[in-house]
Colleague: 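Got a structure for you, written out below as structure tokens; questions coming shortly.
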Amino acid sequence: MGHHDEHENEKEHKHESHAHDHPHLHEHEHHEHDHDEHHHDHEHEHDHGHSHSNNPVIHWLQHLFTPHSHGHQQAALDPNLATDRGMWALKISFAGLIVTAIFQVVIVIISSSVALLADTIHNFSDALTAIPLGFAFWLSRKARNKRYTYGYGRAEDIAGVIIVLMIAYSAFEAIHQAVLRFITPEPITNLGWVAAAAVIGFFGNELVAIFRIKVGKEIGSAALIADGYHARTDGFTSLAVLAGAIGVWLGYPILDPLIGLGIGIAILGIVWHTARDMWHRMMDAVDPELYGEFKHIASHVNGVMDVHSAAVRWVGHRLWGEMHVTVNCKLSVLEGHRIVEEVRHALFHKFHALVEVIVHADPCECDKTIEYHPTAHHQFLSAAD
């Protein structure tokens with residue numbers, strides 16, 4: 001019974017958290033927007049099967065690797081929970097990269113490998129990208145105010161731009177090191193240890209990359225996804241080190257700079273892909289499918305005759321939207337308002353990262369003697385509509 005009560009209390013707490021995100025939904029209690037009465041898409045994936053160990057070390061490890069598993073949809077509903085999940089991903093990946101880099105430092109000391117040294121520097125650099133992104137996640141917790149009326153979520157996107165620049169630096173550094181190898185070849189000793197360090201560097205970075213990209217997609221953080229691709233670039237650099245070591249072992253030292261140059265060019269491809277995504281985010285671009293679904297959901301609400309002038313954008317890992325809906329001009333203000341609230345309700349339930357949506361009701365223009373839009377000459381109609 002106690003376990004059931006805890007579950008119910010937590011559901012009530014999450015409902016209240018959603019209400020804080022969408023205050024206008026709950027200013028009118030008669031709308032009966034009770035989440036438990038609707039079978040909407042975001043399932044409450046509460047995993048309360050945690051073992052309640054009295055050992056603080058075990059409890060800390062459980063929280064570190066399974067931080068109160070709500071599932072990414074539930075995380076998206078609560079901006080603080082999404083931020084917590086992002087911070088958790090940064091902590092885990094930071095620890096993994098630091099361990100990888102420290103191991104590589106030891107091998108650099110015993111092998112004098114310049115290539116491995118460059119790879120180690122890249123790994124430390126990648127670990128340090130957690131700092132601007134962590135700061136951005138922390139800043140996004142701050143409440144909206146009169147100056148930052150949309151909040152501080154854009155800091156997350158700015159951090160993503162910084163990470164893209166760091167990826168670009170890694171690419172040019174890899175190309176630079178390859179060119180230097182052509183000019184002044186460097187002998188490598190302890191090839192077995194160098195190869196082992198390169199393999200560990202690759203797997204360490206790739207695991208971190210998969211982890212960051214996965215969590216970034218779950219909470220809608222383009223910056224965390226970009227950071228994941230940055231880790232992947234360092235993994236490619238590790239492969240270049242491995243290929244160079246194998247080339248030296250086979251008696252073809254020229255393979256080291258050749259493969260290093262190829263890896264640098266491949267990293268530039270990742271830079272282009274990631275920079276494009278960050279450009280879209282900074283320019284308020286969204287997936288056209290998301291935009292189409294945004295209008296589609298509203299158009300299927302009972303009483304909505306048409307949807308136009310719709311717009312939606314990301315601010316950090318949260319969505320903001322607006323639209324106009326056409327309703328019957330014979331309806332009362334209250335009836336029109338209820339239709340608008342149902343549109344908002346449907347959108348909030350479909351788009352888990354949506355923090356606010358402004359819906360304006362326009363009357364249908366069935367009476368040609370009435371000027372329904374006297375300020376129409378001031379309006380800017382999007383080409384998308």
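Each residue takes its place number in the sequence, starting with 1.
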Colleague: Using modelled atom types and a 3.5 Å cut-off, is there a donor and acceptor pairing between side-chain atoms of S299 and backbone atoms of H296?
Modeller: yes
Colleague: Rounded at 0.5 Å granularity, tell me how far CG in D306 sits from CG in D362.
Modeller: 9.0 Å
Colleague: V343 and A298: which non-hydrogen atoms are nearest, and at how many Å?
Modeller: CG1-CB, 3.7 Å
Colleague: How many angstroms lie between atom CH2 of W249 and atom CG of L191, to the nearest 0.5 angstrom?
Modeller: 10.0 Å
Colleague: List the residues meeting ring pair (Phe, Tyr, Trp, His ring centres under 6.0 Å) with W320, not counting sequence neighbours, and say none if there are none.
Modeller: Y150
Colleague: Distance check, rounded to the nearest 0.5 Å: W314 atom CH2 versus R318 atom CZ?
Modeller: 9.0 Å
Colleague: Do other residues, nucleotides or ligands put more than 12 heavy atoms under 6.0 Å from the CZ atom of F182?
Modeller: yes
Colleague: Using the ring of each side chain (for Trp, its six-membered ring), is H360 parallel, tilted or perpendicular to H324, with breaks at 30° and 60°?
Modeller: tilted
Colleague: Does F351 belong to the same Ile/Leu/Val/Met/Phe/Trp/Tyr cluster as V340, with side-chain heavy atoms less than 4.5 Å apart forming each link?
Modeller: yes
Colleague: Check whether any side-chain N or O of T184 sits under 3.5 Å from a backbone N or O of L180 as a donor-acceptor pair, and report yes or no.
Modeller: yes
Colleague: Determine the minimum heavy-atom distance between R154 and R281, stating which atoms define it.
Modeller: NH1-O, 3.3 Å
Colleague: W279 vs V164, test: side chain to side chain contact (heavy atoms under 4.5 Å, CB included). Steps then yes/no.
Modeller: CA-CA 10 Å; W279 168 260; V164 168; over 6 Å; no
Colleague: Here's a test for you: under side chain to side chain donor-acceptor pair (under 3.5 Å), which of R344, H337, H345, R338 qualifies with E341?
Modeller: R344
Colleague: Would you say V108 and F103 are hydrophobically clustered, going by side-chain heavy atoms of ILVMFWY under 4.5 Å?
Modeller: yes
Colleague: Show your working on side chain to side chain contact (heavy atoms under 4.5 Å, CB included) between L331 and I339 and close with a plain yes or no.
Modeller: CA-CA 10 Å; L331 297 177; I339 292 175; 3.5 Å; yes
Colleague: I'd like to check F348 versus E356 (side-chain heavy atoms, cut-off strictly below 4.5 Å). Are they in contact?
Modeller: yes
Colleague: Testing the basics here: between C364 and C329, what is the closest heavy-atom pair and its distance to 0.1 Å?
Modeller: SG-N, 3.3 Å
Colleague: Side chain to side chain contact (heavy atoms under 4.5 Å, CB included), that's the test. Do L347 and M323 meet it? Break it down for me.
Modeller: CA-CA 11 Å; L347 291 171; M323 66 171 55; 3.9 Å; yes
Colleague: Give the table of side-chain donor-acceptor pairs shorter than 3.5 Å for residues 200-216, with sequence neighbours excluded, one pair per line with atom names and distance.
Modeller:
from	atom 1	to	atom 2	distance (Å)
N205	ND2	N123	OD1	2.6
N205	ND2	G201	O	2.7
E206	OE1	R232	NE	3.2
E206	OE2	R232	NE	3.4
E206	OE2	R232	NH2	2.8
R212	NE	S93	OG	2.9
R212	NH1	D126	OD1	3.3
R212	NH1	D227	O	3.3
R212	NH1	D227	OD1	3.3
R212	NH1	D227	OD2	3.2
R212	NH2	S93	OG	3.2
K214	NZ	E218	OE2	2.6

Colleague: Taking the side chain as everything from C-beta on, heavy atoms only, tell me whether T326 gets closer than 4.5 Å to H308.
Modeller: yes
Colleague: Side-chain contact, heavy-atom cut-off 4.5 Å: T100 with I98?
Modeller: no
Colleague: Is there a path of hydrophobic side-chain contacts, each under 4.5 Å between heavy atoms, that joins V307 and L319?
Modeller: yes
Colleague: I need the L354 CG to H349 NE2 distance, nearest 0.5 Å.
Modeller: 11.0 Å
Colleague: So, for Q104 and A197, which heavy atoms are closest and what is the spacing to 0.1 Å?
Modeller: NE2-O, 3.2 Å
Colleague: Hey, could you give me the CD1/CD1 distance between I265 and I175, rounded to the nearest 0.5 Å?
Modeller: 6.0 Å
Colleague: What is the minimum heavy-atom distance between G160 and M278, and which atoms define it?
Modeller: CA-CE, 3.7 Å
Colleague: Under 3.5 Å, side chain of E293 to main-chain N/O of L290, donor-acceptor pair present?
Modeller: no
Colleague: For the atom pair CG (L90) and CD1 (I131), what is the distance rounded to the nearest 0.5 Å?
Modeller: 10.5 Å
Colleague: Can you confirm whether N302 is buried at CG, in the sense that more than 12 heavy atoms of other residues, nucleotides or ligands lie under 6.0 Å from that atom?
Modeller: no
Colleague: Kindly give the heavy-atom pair with the smallest separation between G134 and M87, and that separation in Å.
Modeller: O-SD, 3.7 Å
Colleague: State, yes or no, whether a side-chain contact exists between I225 and D277 at a heavy-atom distance under 4.5 Å.
Modeller: no
Colleague: Do V327 and I297 share a hydrophobic cluster, counting only Ile, Leu, Val, Met, Phe, Trp and Tyr and linking them when any side-chain heavy atoms are less than 4.5 Å apart?
Modeller: yes
Colleague: Go through it in stages, so that I can follow the logic: the residues are V357 and F294, the test is side chain to side chain contact (heavy atoms under 4.5 Å, CB included), and I'd like the CA-CA distance, side-chain angles, deciding distance and then a yes or no.
Modeller: CA-CA 11 Å; V357 57; F294 187 68; 3.8 Å; yes
Colleague: Is a side-chain N or O of N190 found less than 3.5 angstrom from the main chain of W193, in a donor-acceptor match?
Modeller: no
Colleague: Any side-chain heavy atom of D157 within less than 4.5 Å of one from V161?
Modeller: no
Colleague: Same cluster for Y291 and V325 if Ile/Leu/Val/Met/Phe/Trp/Tyr side chains link at under 4.5 Å?
Modeller: yes
